[in-house]
Amino acid sequence: MTITEKILAKHSGRKEVKPGDNVWVDVDLLMTHDVCGPGTFGIFKREFGANAKVWNREKIVVIPDHYIFTADAHAHRNVDILRDFVKEQNLPHFFDVNTPNYKGVCHIAMPEEGFTRPGEVLFGTDSHTCTAGAFGEFATGIGNTDAAFILGTGKLWVKVPETMKFIFEGELPPYLMAKDLVLAVIGKIGVDGATYRAMDFSGETIDRMDMEGRMTLCNMVIEAGGKNGICVADKTTTEYVRARTKAEFECFTNDEHAKYHNVHRFNVQEIEPLVAKPHSPDNKAKVSEVAGTKLDRAYIGSCTGGKITDFIAAAQTMYGEKVKIDTFVVPATTEVARQMKETKIREKTVWQILEEAGCRMGDASCAACLGGPSDTFGRLNGVEVCISSTNRNFPGRMGSKKSQVYLASPFTVAASALTGVITHPKQFFN
Amino acid sequence: MEKNITGKVFVLGNDIDTDQIIPAVHLVYKLDDPEEKKNYGKFALSGVPPEGSGLPAGNIRFIKEAEWQSHYKIVVAGKNFGCGSSREHAPIALNIAGIEAVVAESFARIFYRNAIDGGFLAPFETGKHLYQEIKTGDEVSLDTTKGILTNNTRQTVYQLNPLGEIEEILRAGGIFSYARKTGMLKE
């Protein structure tokens with residue numbers, strides 16, 4: 001069996017499962033946020049009764065992150081609904097706005113707080129919940145109804161997915177990032193190339209990759225239609241997890257004769273920095289093919305491209321330089337922001353380097369990655385052309401339907417911010 | 001899910017993502033407030049670029065000005081319908097607007113699942129480019145038992161892919177009623 005199959009077998013009390021089987025699984029964790037939490041709690045009450053209690057208060061994580069720094073009254077009401085429910089159910093894992101406990105983007109806060117653990121089953125009311133597959137667990141996004149069902153029962157039905165295997169070999173060139181690799185994958189198989197399937201990332205490049213890079217890969221499996229992404233949990237994983245939680249967990253590996261839907265091999269030495277052109281994540285082009293394309297804005301942030309390693313990459317590129325276009329920097333979480341103010345490149349902090357380069361520094365949240373209310377930091381409100389380290393560039397994703405978004409790695413976004421046109425990051429490597 | 005769904009069809013292309021179905025800026029209306037939730041109908045498909053709205057002609061509004069219910073009952077679309085975010089507001093918005101079925105070449109997984117488990121609409125897959133043969137405004141009938149779509153305007157008949165195991169959940173009206181019916185949840 002594959003890792004995904006083994007996890008689903010264990011959680012459905014079976015010795016074995018095969019792709020296509022429908023199984024009811026026991027859920028280890030349910031995560032929700034301010035956009036989908038209110039609807040989920042409403043359905044829970046409607047179906048289980050006004051006085052119903054959740055199945056296990058320790059297994060629910062509530063992280064407001066989407067619409068935080070806005071004047072929109074409806075958005076604030078969403079967070080209020082979370083507060084009321086958390087209080088009523090006495091939920092211990094809540095990261096409230098305007099408190100020292102506030103985190104920001106759920107998919108990055110989850111690992112930071114030790115909630116992503118090998119071998120577990122995690123559901124979240126957000127499509128990028130698949131990010132946590134980087135830790136060798138089964139993690140996927142669901143809607144409010146399914147989440148409400150879990151709240152009451154701790155269970156959900158899942159169709160066991162086939163697994164597609166992506167093997168990366170070779171040493172990553174210094175200007176290339178995990179984002180380039182996943183854009184290469186999506187560009188190859190298309191935005192529905194992995195529909196209903198698990199995507200397994202392995203090979204020596206992945207073995208050498210840090211958790212942040214693996215998270216970037218798994219984060220964007222949804223952009224290929226994938227159900228979940230998965231990386232084998234190794235020493236890098238267990239060290240990261242053990243530093244953040246005392247919880248027990250189990251690491252699974254792919255059997256030698258595990259069956260895959262298909263296998264794709266990449267030599268990373270042959271991959272060039274890539275972009276996804278408007279308006280689809282699979283609209284792949286080499287940076288060299290679109291170099292010189294005029295830009296109005298650059299954006300570095302989100303669960304995909306707003307981790308500490310992403311800002312270190314941007315700061316390496318921008319050190320001592322000035323941006324030519326409006327450049328927005330949004331740390332995924334308050335912890336990432338803290339690390340940016342501590343991590344130094346030569347004598348300056350990452351935060352300082354980006355600020356001195358002229359970047360506009362925002363507060364931790366999803367911010368303009370998904371547009372959001374009209375006063376959202378960095379939102380595209382007109383016909384702007386933006387290069388972004390985020391995950392989606394469908395029409396209107398970052399705000400206006402008239403805007404255009406190029407997706408790229410933080411290296412490429414930073415290099416392009418410095419020139420005002422799409423630029424190969426190599427140009428800024430000494 | 002009704003046995004027969006008859007009405008006008010609204011046609012869309014490939015990769016209609018959830019931001020086009022209901023833009024993120026609108027995800028703030030209360031779903032349990034009958035008046036407020038009409039906003040989801042009002043803004044359903046408002047993120048679709050005008051040229052792709054109501055194919056093949058385009059520039060056709062799904063919801064008329066100041067209304068919250070559509071004059072269309074079935075959406076026909078290309079591949080990967082509902083890709084993107086996991087927001088259940090997407091099938092809900094179409095449901096509130098009055099859409100009872102989406103007939104697409106293929107669906108993105110989470111939208112498909114949300115449509116079924118919430119009992120919001122019937123998602124039928126065609127496996128081929130049906131959206132290029134049907135025009136916005138055509139009168140169609142969908143027999144959900146046999147999976148047959150009849151275009152009454154053009155006198156054409158299409159056999160859709162079987163619903164398979166999810167049919168029981170759809171007929172029950174969603175995952176909660178299905179779980180009660182099968183004894184997994186108490187009445």
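The chains referred to below are lettered A, B, ... by the order of the sequence lines, with proteins before strands, and numbering in each begins at 1. Note: hydrogens, waters and symmetry copies are ignored here, and every other heavy atom, side chains too, is used.
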If one checks every heavy atom of P49(B) against chain A at 4.5 Å, the contacting part turns out to be both
Checklist entry - Taking everything shown except K188(A) itself, do over 12 heavy atoms lie less than 6.0 Å from its NZ? => result yes
When the 4.5 angstrom heavy-atom criterion is applied to K30(B) and chain A, the contacting part is both
**Message:** Set out, in order, the CA-CA distance, both residues' side-chain angles and the distance that settles side chain to side chain contact (heavy atoms under 4.5 Å, CB included) for R109(B) and I222(A), then state yes or no.
**Reply:** CA-CA 9 Å; R109(B) 187 192 69 84; I222(A) 184 68; 5.8 Å; no
One option among N144(A), N22(A), T195(A) has the most heavy-atom pairs under 4.5 Å with chain B, and it is N144(A)
In terms of heavy-atom pairs under 4.5 Å with chain A, the winner among P23(B), G174(B), A90(B), G118(B) is G118(B)
NZ/K146(B): more than 12 non-hydrogen atoms of other groups inside 6.0 Å:
no
Here the gap from I43(A) atom CD1 to L31(B) atom CG, rounded to the nearest 0.5 Å, amounts to 7.5 Å
Go through the steps to decide whether H74(A) and E36(B) satisfy the test side chain to side chain contact (heavy atoms under 4.5 Å, CB included), and finish with yes or no. CA-CA 11 Å; H74(A) 282 132; E36(B) 195 175 326; 3.6 Å; yes
*asked:* Determine whether a donor-acceptor pair (N or O, by modelled atom type, separation under 3.5 Å) exists between the side chain of E88(B) and the backbone of T145(A).
replied: yes
**Q.** Other residues, nucleotides, ligands: >12 heavy atoms within 6.0 Å of Q159(B) CD
**A.** yes
Turns out that what part of P38(A) lies under 4.5 Å from chain B's heavy atoms comes down to neither
The interface call for I92(B) against chain A, heavy-atom contacts under 4.5 Å, is neither
Okay, D17(B) and chain A: the region with an atom under 4.5 Å from a heavy atom over there is side chain
Between the CG atom in D15(B) and the CZ atom in F394(A), the distance rounded to the nearest 0.5 Å is 6.0 Å
So, the part of S177(B) with a heavy atom under 4.5 Å from chain A: the answer is neither
Comparing T140(A), N391(A), T153(A) against chain B, the one with the most heavy-atom pairs below 4.5 Å turns out to be T140(A)
(Q) Tell me whether N4(B) at atom CG has more than 12 heavy atoms from other residues, nucleotides or ligands lying less than 6.0 Å away. (A) yes
In R392(A), R397(A), K401(A), the residue satisfying side chain to side chain donor-acceptor pair (under 3.5 Å) with D19(B) is R397(A)
Quiz item: Are any side-chain N or O atoms of R87(B) and backbone N or O atoms of G143(A), one a donor and one an acceptor, separated by less than 3.5 Å?
Solution: no
Heavy atoms of L27(B) and N78(A) approach each other most closely as O-ND2, 3.7 Å
What's the verdict on side chain to side chain contact (heavy atoms under 4.5 Å, CB included) for L156(A) and I175(B), showing C-alpha distance, side-chain angles and the deciding distance?
CA-CA 10 Å; L156(A) 193 64; I175(B) 187 177; 4.0 Å; yes
Whatever's closer than 4.5 Å to a heavy atom in chain A on F81(B) counts as neither
So, the part of F111(B) with a heavy atom under 4.5 Å from chain A: the answer is neither
Heavy-atom nearest pair, Y112(B) first then Y196(A), reads CD2-OH, 3.4 Å
Practice problem: State whether the number of non-hydrogen atoms from other residues, nucleotides or ligands found under 6.0 Å of K38(B) atom NZ is greater than 12. | Solution: yes
Polar side-chain atom of R77(A) near backbone of V28(B) as donor-acceptor pair, under 3.5 Å:
yes
Turns out that what part of K155(A) lies under 4.5 Å from chain B's heavy atoms comes down to side chain
State whether the side chain of S86(B) and the backbone N or O of T125(A) hold a donor-acceptor pair below 3.5 Å, judged by distance alone. yes
Worksheet item: Salt bridge or not for R113(B) and D146(A), using N-O below 4.0 Å?
Response: yes
Turns out that what part of V79(A) lies under 4.5 Å from chain B's heavy atoms comes down to neither
Turns out that what part of L370(A) lies under 4.5 Å from chain B's heavy atoms comes down to both
Whatever's closer than 4.5 Å to a heavy atom in chain A on S106(B) counts as side chain
Applying a strict 4.5 Å limit to non-hydrogen atoms, the region of I169(B) in contact with chain A is side chain
If one checks every heavy atom of H89(B) against chain A at 4.5 Å, the contacting part turns out to be side chain
Are F48(A) and F176(B) close enough that their ring centers fall under 6.0 Å? yes
Of K227(A), K45(A), E223(A), H66(A), the largest count of non-hydrogen pairs under 4.5 angstrom with chain B goes to K227(A)
Cut-off 4.5 Å, heavy atoms of chain B, and the answer for W157(A) is both
Would you say CD of Q132(B) has more than 12 non-hydrogen atoms from neighbouring residues, nucleotides or ligands within 6.0 angstrom? yes
In terms of heavy-atom pairs under 4.5 Å with chain B, the winner among G371(A), G372(A), G42(A), G225(A) is G372(A)
If one checks every heavy atom of A148(A) against chain B at 4.5 Å, the contacting part turns out to be both
Nearest heavy-atom approach of S85(B) to S127(A) is CA-OG, 3.5 Å
